[in-house]
Amino acid sequence: MIRFDFTGTDPFVDKRQWDGVVRRARAAHQAVLSGTGAGSEWLGWRRILDQPNDALLEDIATLGEEIAARADVLLCVGIGGSFLGSEAIIQALSPYFRSPSAPQDDGSKPLQVLFAGHHLSSAYLTDLLAHLEGKSVYVNVISKSGTTLEPAVAFRIIRSWMESRFEDCDRRIIATTDEAKGALRKLAQEKGYRTYTISDDVGGRFSVLTPVGLLPIAAAGFDIRSLFYGAVAMMAELQEEEGNPAIEYAVRRYALHEKGYTTEIMSVFEPRLAGVGAWWQQLFGESEGKEGKGLFPAVCTFSTDLHSLGQYIQAGRRNLIETFLVAEKDRATVLVPPDSGNLDGLNYLTGVPLQNINKAAYEGTSKAHLQGGVPIQHLTISMVNEENLGRLVYFFEHAVSIGGYLLGVNPFDQPGVEAYKMEMFNLLGKP
Ligand code: PA5
């Protein structure tokens, strides 16, 4: 379950424009439902939920089990939408620390899911390959276009390493890519890799609930059916206009954007939710940041960042909106122990769960930031599990589509991403 509270933006939005913005947001919502808005050929992220392919989910779960049983490491090679979603879900659901040698509760050894091809650091790749030495490795190379430079170069290096280490190398590599187009599809056919297809109508940043995100998540041991059907449930809940939190979120963000606010911070109080924030950054940044418009999305992990960015948020330039993403229940409880000496002066906290202290930090921060002139909103998930994360994924995907239409941009393309590639290819002398 997710609870939404947008009242912390009330003092900041211009109520005179309210009805007009709500009317336009409802029309945008209808355009998403009916597939009549700009970029409607990219609405596959809704289609897959509307017509669930249970056989595909089953197939992915089975391959995930095979990988978990046979590999020490699954290396996912991809960038942008081809890695942020799986990284977000795996990070949110995994323990913070897990020794690769320590068996899990059921006696099996935990699979480590690692990522590559999401930047161009040679030190990272060198250290990664050294870390993989002597381990049983599977690779999932993921690229919708099959031509993105970062994962393509990383994969060439990793493939050569795999070929020199494993006789059954081609069985250990799974490619997730376009059905027909791109160099990766050709290579996969040539080598006989197992493959999954990314449909033409699903954009990279909307692809976490396709094989792009689902295979790594399944291999990591998580329930992809709950994740997927959480999103299905949310889609059903967001049909109506009245009381629709996706419309409400989009309306408030847009109204504040029109008043000159430039930046939306997503603040989390649980570091394992920072990956969800990174996924959200791409979803909103690439969908809305066009034609000189859009809020700049930025994640803050609190209370860590309260000791670095807190000053600015509290009292810097008043151009920030803050959206808190918090979980009601934590999976672990630590109590502050008694200390007869009380030399640290903390006895007033003896017996208090750390979770309550974190909650006080959250509530105190939101109060302080509101008083400091920051419009705030709260998204509270009852607990961090597959179903709620699935719900959250759909909520944001729907909301950003409405948000893009309100801004008058196509939320499903990303022409600006090409600019740096052109310059880089010129420097590299690409033929
Ligand atoms: O949202 C998008 O489409 C992009 O950000 C892509 O996810 C990213 O550029 C990676 O592209 P590809 O999967 O084609 O390698």
Side-chain angles (χ1 to χ4, degrees), residues 38-46 48 75-89 115-120 139-159 173-188 193 195-217 275-290 294 296-297 299 393-394 396-401 403-404 409-425 430:
S40 58
E41 67 277 20
W42 293 91
L43 286 172
W45 52 278
R46 298 194 74 243
I48 56 168
L75 183 56
C76 300
V77 184
I79 197 166
S82 290
F83 101 100
L84 284 164
S86 58
E87 191 194 42
I89 305 291
F115 296 90
H118 52 314
H119 49 61
L120 291 161
V139 173
N140 184 195
V141 52
I142 308 165
S143 178
K144 183 173 157 60
S145 62
T147 55
T148 307
L149 185 72
E150 291 90 334
V153 168
F155 183 56
R156 181 186 273 214
I157 296 164
I158 290 161
R159 182 162 51 90
I173 297 178
I174 297 109
T176 307
T177 188
D178 184 87
E179 190 169 11
K181 293 191 297 280
L184 182 57
R185 171 60 65 180
K186 247 173 93 182
L187 183 69
Y193 300 152
T195 58
Y196 284 104
T197 296
I198 314 170
S199 316
D200 272 348
D201 60 354
V202 184
R205 59 190 172 277
F206 289 84
S207 68
V208 56
L209 300 174
T210 72
V212 169
L214 295 179
L215 180 60
I217 295 167
V276 174
W279 169 83
W280 164 88
Q281 277 183 167
Q282 187 205 7
L283 185 69
F284 279 74
E286 275 192 1
S287 301
E288 292 190 334
K290 287 158 202 173
F296 182 81
V299 196
V393 163
Y394 184 82
F396 282 130
E397 289 179 342
H398 195 98
V400 81
S401 309
V409 300
N410 177 351
F412 306 113
D413 63 4
Q414 59 282 334
V417 180
E418 295 310 309
Y420 97 89
K421 293 185 189 170
M422 292 284 287
E423 296 295 342
M424 175 176 68
F425 288 140
K430 184 180 177 183

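Indexing begins at 1, ligand by ligand and atom by atom, following the structure's order.
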Colleague: Residue by residue, ordered by chain and number, which ones reach under 4.0 Å of ligand 1 with a heavy atom?
Modeller: I79, G80, G81, S82, S143, K144, S145, T148, G204, R205, Q282, E286, Q414
Colleague: Quick check: does any side chain N or O of T210 sit under 3.5 Å from a backbone N or O of V212, one acting as donor and the other as acceptor?
Modeller: yes
Colleague: Indicate, with yes or no, if the rings of F412 and W42 have centres closer together than 6.0 Å.
Modeller: no
Colleague: Please determine whether the number of non-hydrogen atoms from other residues, nucleotides or ligands lying under 6.0 Å from atom NZ of K186 exceeds 12.
Modeller: no
Colleague: Can you tell me if K144 uses its side chain to pair, donor with acceptor, with the backbone of V202 under 3.5 Å?
Modeller: yes
Colleague: Quick check: do W280 and P297 have side-chain heavy atoms less than 4.5 Å from each other?
Modeller: yes
Colleague: Pick out which of Q282, E397, E286 makes a side chain to side chain donor-acceptor pair (under 3.5 Å) with R205.
Modeller: E286
